[in-house]
There are 2 protein chains.
Amino acid sequence: MNLKQLSEILGLSQTTVSRALNGYPEVNEATRERVQAAATKHGYRPNSRAKGLATGRSMVIGHVIPSSSQHEMVNPIFGDFVAGAARTYGAHGYDMMFTNADDTSIERTYRDLFQRGAVDGVVLQGPKVNEHRIEVLTRMAVPFIVHGRSTGIEVPYDWVDVNNKSSFLRATRFLIDLGHKRIALINGLEDMDFAQRRREGYLQALQEADLTPEPALMRSAEMTEVYGHHEACDMLQLDTPPTAILVSSMISAIGVRRALNEAGLKMGRDVSVIAHDDDLSYLKNGQDVPIFTATRSSVRQAGEIAAEMLIDRIKSPDDPVKTRLLEAELVVGGSTGPAPDRF
Amino acid sequence: MNLKQLSEILGLSQTTVSRALNGYPEVNEATRERVQAAATKHGYRPNSRAKGLATGRSMVIGHVIPSSSQHEMVNPIFGDFVAGAARTYGAHGYDMMFTNADDTSIERTYRDLFQRGAVDGVVLQGPKVNEHRIEVLTRMAVPFIVHGRSTGIEVPYDWVDVNNKSSFLRATRFLIDLGHKRIALINGLEDMDFAQRRREGYLQALQEADLTPEPALMRSAEMTEVYGHHEACDMLQLDTPPTAILVSSMISAIGVRRALNEAGLKMGRDVSVIAHDDDLSYLKNGQDVPIFTATRSSVRQAGEIAAEMLIDRIKSPDDPVKTRLLEAELVVGGSTGPAPDRF
DNA sequence: CTCAGTTTTCAAAGCGCTTTGAATGACGGG
DNA sequence: CCCGTCATTCAAAGCGCTTTGAAAACTGAG
């Protein structure tokens with residue numbers, strides 16, 4: 001069932017039918033109702049491609065999945081962010097498209113998506129420090145939003161981000177206030193912007209308290225469970241092991257907990273742990289009392305906000321740049337306690 | 001830059017340029033090269049919508065995310081399955097589209113996608129027992145593939161699935177061979193087909209060994225970490241607690257491990273645990289030696305296979321139905337051991 | 001040099017929609 | 001009863017591509 005057929009059934013021109021369905025004012029109300037009834041009855045759905053071709057808009061938002069050639073890691077927060085965004089897209093009549101690109105072709109992929117007219121805007125996830133893609137998209141003058149920010153990029157751009165620095169600053173201060181002096185940081189890959197900011201917050205708190213940062217207590221890699229376990233085991237072997245550990249993800253924090261258990265240490269008593277909690281749906285931080293003391297910020301909500309902002313940008317390309325800084329909350333759970341006396 | 005412009009630059013007709021780029025034989029090789037060079041030079045990318053409109057194919061595969069109104073759960077395996085599929089799609093020139101639909105509108109959403117001509121095929125994820133959507137799609141006579149199967153649906157359809165029954169049968173037997181008699185099952189939601197099959201395997205193994213299944217040892221719900229913890233805690237309170245636990249996901253198994261630790265029990269000695277491991281990229285089951293004894297099957301690989309099969313189906317709609325049963329491997333880790341003597 | 005056969009190129013139609021510019025019909029004031 | 005006005009409706013062009021059917025250019029045999 002296409003527009004032509006429907007208009008023939010109704011004995012109307014395509015113009016009138018199209019206008020009736022799209023809510024244009026120059027259509028008799030009686031006619032509109034008749035058209036709408038027929039459309040519903042025959043299950044008419046305008047062809048998206050034809051519509052897109054005619055309007056010049058695709059009503060699709062693109063996301064590029066960087067299927068890294070090196071590490072086959074799929075970001076665990078991906079699903080929740082996407083779920084948040086998808087809901088908003090749906091409410092505004094947008095579809096969501098994913099394209100896979102290996103590290104070498106990400107830039108070309110973005111360019112492609114727009115030149116092919118496949119998308120009206122894109123979401124840029126997981127920005128690195130000096131993220132080149134931001135400049136590329138800016139130069140292309142296309143609507144996009146960054147989930148995160150990128151240190152070193154001077155051009156203005158829309159973004160939603162968690163206040164990574166401030167949340168790790170506060171978390172570190174919290175540990176210092178509890179008397180901890182040897183505080184470790186198990187961070188994400190340091191070329192990721194969020195990881196860099198978290199480290200800044202951590203370092204600033206140490207400095208405020210006149211504590212000297214120790215390279216041996218600062219680790220960084222892709223945030224898997226195994227990684228958290230490995231680094232924690234390693235640090236517990238040190239002559240003077242840390243009494244507290246900041247971990248950049250819940251998944252890795254679970255690995256840290258495993259390491260502590262294996263070493264016969266009790267989390268929160270022998271070693272304090274603070275994790276960053278993205279509030280993932282399948283990995284809630286405990287039921288009532290949080291398991292981990294954590295800096296918490298819902299990545300799902302970030303997805304919703306990002307989608308909303310991107311759609312705004314598509315609607316008004318010339319609006320001034322918008323940014324949104326989400327403040328993570330510091331929730332206190334059972335994984336932190338006063339520094340143990342070890343003499 | 002569109003076809004018209006490009007053909008004017010080249011002094012050729014649109015027909016010839018189009019044919020040259022799409023590899024048709026009736027084009028002079030010299031011309032083809034000239035066209036290709038110009039296309040590359042000017043960064044020409046054919047407009048997907050126009051192309052789709054002209055060919056009647058959209059080169060897009062649809063996935064519907066059921067953003068359940070009740071439980072806001074995003075399946076943790078989603079990301080990995082999608083990453084696997086995306087890679088295959090990309091290799092075949094397909095894009096991937098996501099649409100969000102709440103529980104009440106899933107059916108309508110599938111119908112919409114095809115009627116709007118937005119997709120050439122869809123992937124149906126997470127089928128339940130008597131999955132209605134399969135019948136709907138069959139009746140619509142559109143290309144689709146099911147990740148999983150659905151007990152109770154008689155019509156033939158393409159699917160990829162893990163042998164859930166056999167893997168849980170083998171896992172349960174393995175525990176029985178180790179002397180366990182009180183074996184618990186912490187399963188997914190029982191209206192999900194995979195959960196039902198796993199329970200069947202579990203029950204069959206018990207029956208073979210003349211063990212009576214106990215309702216108190218069989219739990220089912222959405223597979224979060226908290227759920228695993230909660231059910232394990234609960235069962236440890238029983239007069240005669242289980243000596244072994246089968247868990248339908250790694251995430252929940254982590255919750256079970258937490259419960260055991262809190263109770264001062266050692267996993268693999270006091271209580272054995274076997275988990276189903278989807279081999280998620282961010283949640284590897286240990287480094288060299290698996291942490292959990294597990295039934296393992298890569299969901300990422302399933303994604304790749306599903307995508308491949310769906311594309312085949314789109315290419316040859318009349319081929320006989322294809323199915324693919326993946327056998328999970330039983331990897332032995334540190335979480336299982338002989339049943340403890342408790343008298 | 002001619003002509004059938006082959007290779008190469010082209011103009012134009014068509015995919016299903018929106019949108020422009022024009023036509024039609026109804027209405028009421030003069 | 002005529003005509004300007006407003007409310008409706010319409011035919012046709014256009015979005016950027018593919019594909020059909022025909023034309024042009026080239027080939028080699030006679």
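What you see is a predicted model; the values in this text were computed from it and never measured. The figures that follow rest on heavy atoms only: side chains count, while hydrogens, waters and symmetry mates do not. Letters A, B, ... mirror the listed sequences (proteins, then strands); counts begin at 1.
- The salt bridge (charged side-chain N to carboxylate O under 4.0 Å, His left out) test applied to B:E154 returns no partner, not counting sequence neighbours.
- Contact check of residues 4-16 of chain B against DNA chain C (heavy atom, cut-off under 4.0 Å) returns B:G11, B:L12, B:S13, B:T15, B:T16.
- Bracketed by its first and final contacts, the part of DNA chain C lying under 4.0 Å from non-hydrogen atoms of chain B reaches from C:dT8 to C:dG16 in 5' to 3' order.
- Side chain to side chain, B:D112 and B:T109 fail the donor-acceptor criterion of an N or O pair below 3.5 Å.
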Evaluate the criterion salt bridge (charged side-chain N to carboxylate O under 4.0 Å, His left out) for residue pair A:E131 and A:K128; output intermediate values, then yes/no. CA-CA 5 Å; A:E131 179 59 67; A:K128 304 193 170 183; over 6 Å; no
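- For the side-chain hydrogen bond (donor to acceptor under 3.5 Å, both in side chains) test, no residue two or more places apart in sequence or in another chain qualifies with A:T55.
- Applying the side-chain hydrogen bond (donor to acceptor under 3.5 Å, both in side chains) rule to A:H42 yields no partners; only residues at least two apart in sequence or on another chain are considered.
- Listed in residue order, the members of residues 32-53 of chain A having a heavy atom less than 4.0 Å from DNA chain D are A:L53.
- The aromatic rings of A:Y89 and A:H63 stand perpendicular to each other, their planes meeting at an angle above 60°, with 30° marking the opposite boundary.
- In this view, A:S150 satisfies the side-chain hydrogen bond (donor to acceptor under 3.5 Å, both in side chains) rule with no residue, not counting sequence neighbours.
- For the side-chain hydrogen bond (donor to acceptor under 3.5 Å, both in side chains) test, no residue two or more places apart in sequence or in another chain qualifies with A:T15.
- Ring geometry, A:F78 versus A:F98: the interplanar angle exceeds 60°, so the pair is classed perpendicular (tilted spans 30 to 60°).
- Where the helix from C:dC1-D:dG30 to C:dG30-D:dC1 starts and where it ends, the local axes point in directions that differ by 70°; five pairs per end, rounded to 10°.
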Identify each donor-acceptor pair in which a side-chain atom of residues 315-326 of chain A lies under 3.5 Å from a protein atom, sequence neighbours left out, and give them as a table.
unit_1	atom_1	unit_2	atom_2	d
A:S316	OG	A:D312	O	3.4

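- The number of heavy atoms from other shown groups lying within 6.0 Å of CZ (A:R116) is above 12.
- Here A:F194 pairs with nothing under the ring pair (Phe, Tyr, Trp, His ring centres under 6.0 Å) rule; sequence neighbours left out.
- Minimum heavy-atom separation, A:Y110 to A:V64: CE2-CG2, 3.5 Å.
- Only A:S18, A:R19, A:N22, A:Y24, listed by number, bring a heavy atom of residues 17-27 of chain A to less than 4.0 angstrom from any atom of DNA chain C.
- Applying the side-chain contact (heavy atoms from CB on, under 4.5 Å) test between A:V160 and each of A:V123, A:L310, A:I305, A:V146 identifies A:I305 as the sole match.
- For A:R45, the CZ atom sits in a loose shell: 12 or fewer heavy atoms of surrounding residues, nucleotides or ligands are nearer than 6.0 Å.
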